[in-house]
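Within every chain, numbering begins at 1; the chains are lettered A, B, ... in the order of the sequence lines, protein sequences first and strands thereafter.
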Number of protein chains: 2
Amino acid sequence: MDTNDCEILLKEHDIKPTANRNLVLKALDEAARPLSMLELEDEIETIDKSGIFRTLRLFVDHHLVHVIEDGSDAVRYELCHSSHDEIDDDQHAHFFCQVCHKTYCLGEISLPELAVPQGFTATSVNYLIKGVCPHCSKCD
Amino acid sequence: MDTNDCEILLKEHDIKPTANRNLVLKALDEAARPLSMLELEDEIETIDKSGIFRTLRLFVDHHLVHVIEDGSDAVRYELCHSSHDEIDDDQHAHFFCQVCHKTYCLGEISLPELAVPQGFTATSVNYLIKGVCPHCSKCD
DNA sequence: CTTTCGCTTGCAACTCGGTTGCAAAATGTT
DNA sequence: AACATTTTGCAACCGAGTTGCAAGCGAAAG
């Protein structure tokens, strides 16, 4: 994704493109996996922590990225692939490697529809598997 | 669960019973739902934050309670109902209410077995549903 | 072209859950 | 009783996230 693609995508989500926003978007796109704020911080040394934070919040508000919670006491952010501005329906499982602390997106696993008990209203579902990733299994 | 029951349960998990540990265990038992450290803190005003923390860590290490992560940037603890000292196989979904910020245990929903992709090794699964609980739905 | 207004940014300070060092208190052992 | 071990409370710390504020920047108005 070059700078021009970034700007187009940003505009599609009603976000005014800026240099920083292009950088964050590009970083998220190039990492094939969800990134934490910290990972973004040292991917893009030129932007302050608070800048990254505000950019991510903006992206989330505009349904450009969504938030996933692996158990790593650091929320991660991932580009939203569902059609823009719709409610985020990218429901898929994630895998957190307990060795390298990376989070993978298990797109191929579709989530079974679960019926919640009477009276509960579900708005989002989070399926997280923890374990060891292929790379860390090899070099144990 | 009276004090005596607590001590028996603690001993079954190779934990030396103390006054504080009985209190924490009783509080976890009486709350029918998973509690955060903060919730325990103001349930039991007599114990310091650090004491609760260390007690919980001890309980987790001895498979007496297990940890669940709702998305509420505060981990929650719940009594483990699987047979003692086994690997924690209390796999069940939880429900986090976005209004009252309480977490419910959806015991009745059984988790579908998911096959992880080639090369990944799964050690634990976390299924979290967010939405609005029956009580908060009523008083909206 | 310059002024003005509003958005964006970096810095520093702060919040809050969780964690640890340490000394005092409690408990257990000889 | 004297000593060793464990548990506890306090205060200080940590790290991710968050916010206030002033400076920077760019677009619109004069």
Side-chain angles (χ1 to χ4, degrees), chain A residues 3 6-7 10-11 13-28 34-62 64-78 96 101-103 128, chain B residues 3 6-7 10-11 13-28 34-62 64-78 96 101-103 128:
Chain A
T3 306
C6 287
E7 304 211 337
L10 289 173
K11 280 178 195 151
H13 287 266
D14 292 314
I15 299 170
K16 193 201 311 184
T18 69
N20 279 357
R21 290 169 188 171
N22 287 334
L23 283 174
V24 173
L25 177 54
K26 199 182 291 192
L28 283 172
L35 298 181
S36 67
M37 239 181 71
L38 191 64
E39 286 170 329
L40 279 168
E41 258 179 271
D42 39 51
E43 189 71 29
I44 321 172
E45 302 97 346
T46 58
I47 314 183
D48 183 73
K49 188 165 69 141
S50 66
I52 294 180
F53 169 72
R54 285 191 264 238
T55 302
L56 287 171
R57 185 167 57 186
L58 187 71
F59 285 4
V60 170
D61 288 350
H62 286 71
L64 176 55
V65 307
H66 55 179
V67 172
I68 70 161
E69 289 136 8
D70 47 17
S72 68
D73 66 15
V75 171
R76 281 193 163 80
Y77 301 87
E78 152 178 81
F96 177 70
H101 289 200
K102 285 186 180 141
T103 298
L128 176 68
Chain B
T3 305
C6 286
E7 303 211 337
L10 288 173
K11 280 177 195 150
H13 288 266
D14 291 315
I15 300 170
K16 193 200 313 185
T18 69
N20 279 356
R21 289 170 189 170
N22 288 333
L23 282 173
V24 173
L25 177 53
K26 198 182 292 191
L28 282 172
L35 297 182
S36 66
M37 241 180 70
L38 191 63
E39 287 170 328
L40 279 168
E41 257 178 272
D42 38 50
E43 190 70 29
I44 321 172
E45 300 98 347
T46 58
I47 315 183
D48 183 72
K49 187 164 73 140
S50 65
I52 294 180
F53 170 72
R54 285 190 265 238
T55 302
L56 288 170
R57 185 167 56 187
L58 187 70
F59 285 3
V60 170
D61 289 349
H62 286 70
L64 175 55
V65 308
H66 55 179
V67 172
I68 70 161
E69 289 137 8
D70 48 18
S72 68
D73 64 16
V75 170
R76 280 191 162 82
Y77 301 86
E78 152 177 80
F96 178 70
H101 289 201
K102 285 187 180 141
T103 299
L128 175 68

*Asks:* What's the spacing between B:T103 OG1 and B:I68 CD1 if we round to 0.5 Å?
*Replies:* 5.0 Å
*Asks:* Would you kindly give the CD1-to-C1' distance between A:I44 and C:dT9, to the nearest whole Å?
*Replies:* 14 Å
*Asks:* Starting at atom CG of B:L40, determine the distance to atom C1' of C:dG18, rounded to an integer number of angstrom.
*Replies:* 14 Å
*Asks:* How far does CG of A:L28 sit from CZ of A:F59, to the nearest 0.5 angstrom?
*Replies:* 7.0 Å
*Asks:* Rounding to an integer number of Å, can you tell me how far A:I52 CD1 sits from C:dT9 P?
*Replies:* 11 Å
*Asks:* Within the structure shown, what part of the strands sits under 4.0 Å from B:T46 by heavy-atom distance: base, sugar-phosphate, or nothing?
*Replies:* sugar-phosphate
*Asks:* Identify the pairs formed between an N or O of the protein and an N or O of nucleotides 16-19 of chain D at a distance under 3.5 Å, and give each distance.
*Replies:*
residue, atom, partner, partner atom, Å
D:dG17, OP1, A:V75, N, 3.1
D:dG17, N7, A:K49, NZ, 3.1
D:dG17, O6, A:K49, NZ, 2.9
D:dT19, OP2, A:R57, NH1, 3.0

*Asks:* Can you list the residues that meet the side-chain hydrogen bond (donor to acceptor under 3.5 Å, both in side chains) rule with A:E7, with sequence neighbours excluded?
*Replies:* A:N22
*Asks:* Quick one: B:L35 CG to C:dG18 P, roughly how many Å, whole number?
*Replies:* 12 Å
*Asks:* How close or far is atom C1' of C:dG17 from atom CG of B:D70, stated in whole angstroms?
*Replies:* 13 Å
*Asks:* At under 4.0 Å between heavy atoms, which parts of nucleotides 23-30 of chain C does protein reach? Answer with one letter per nucleotide, 5' to 3': B base, S sugar-phosphate only, - none.
*Replies:* --------
*Asks:* How many Å lie between CZ on A:F59 and P on C:dT8, as a whole number?
*Replies:* 11 Å
*Asks:* Does A:N20 have any side-chain hydrogen bond (donor to acceptor under 3.5 Å, both in side chains) partners at least two apart in sequence or in another chain, and if so, which?
*Replies:* none
*Asks:* Considering only residues two or more places apart or on different chains, which pairs with a residue in residues 65-76 of chain B satisfy salt bridge (Lys or Arg N to Asp or Glu O under 4.0 Å)?
*Replies:* A:K130-B:E69, B:E39-B:R76, B:D70-B:R76
*Asks:* Under 3.5 Å, side-chain donor or acceptor atoms of residues 48-58 of chain B against the rest of the protein: list the pairs with distances, not counting sequence neighbours.
*Replies:*
residue, atom, partner, partner atom, Å
B:D48, OD2, B:S50, N, 2.8
B:D48, OD2, B:S50, OG, 2.6
B:T55, OG1, B:G51, O, 2.7

*Asks:* Nearest 0.5 angstrom please: A:L64 CG to A:I15 CD1, how far?
*Replies:* 5.0 Å
*Asks:* Going by ring pair (Phe, Tyr, Trp, His ring centres under 6.0 Å), name the residues that satisfy it together with B:F96, two or more places apart in sequence or in a different chain.
*Replies:* B:H101
*Asks:* Expressed as a whole number of angstroms, how long is the span from A:D61:CG to C:dC7:C1'?
*Replies:* 16 Å
*Asks:* Can you check the A:I47 CD1 to C:dC11 C1' distance for me, whole Å?
*Replies:* 15 Å
*Asks:* CD/B:E43 to CG/B:L23 distance, rounded to the nearest 0.5 angstrom?
*Replies:* 10.5 Å
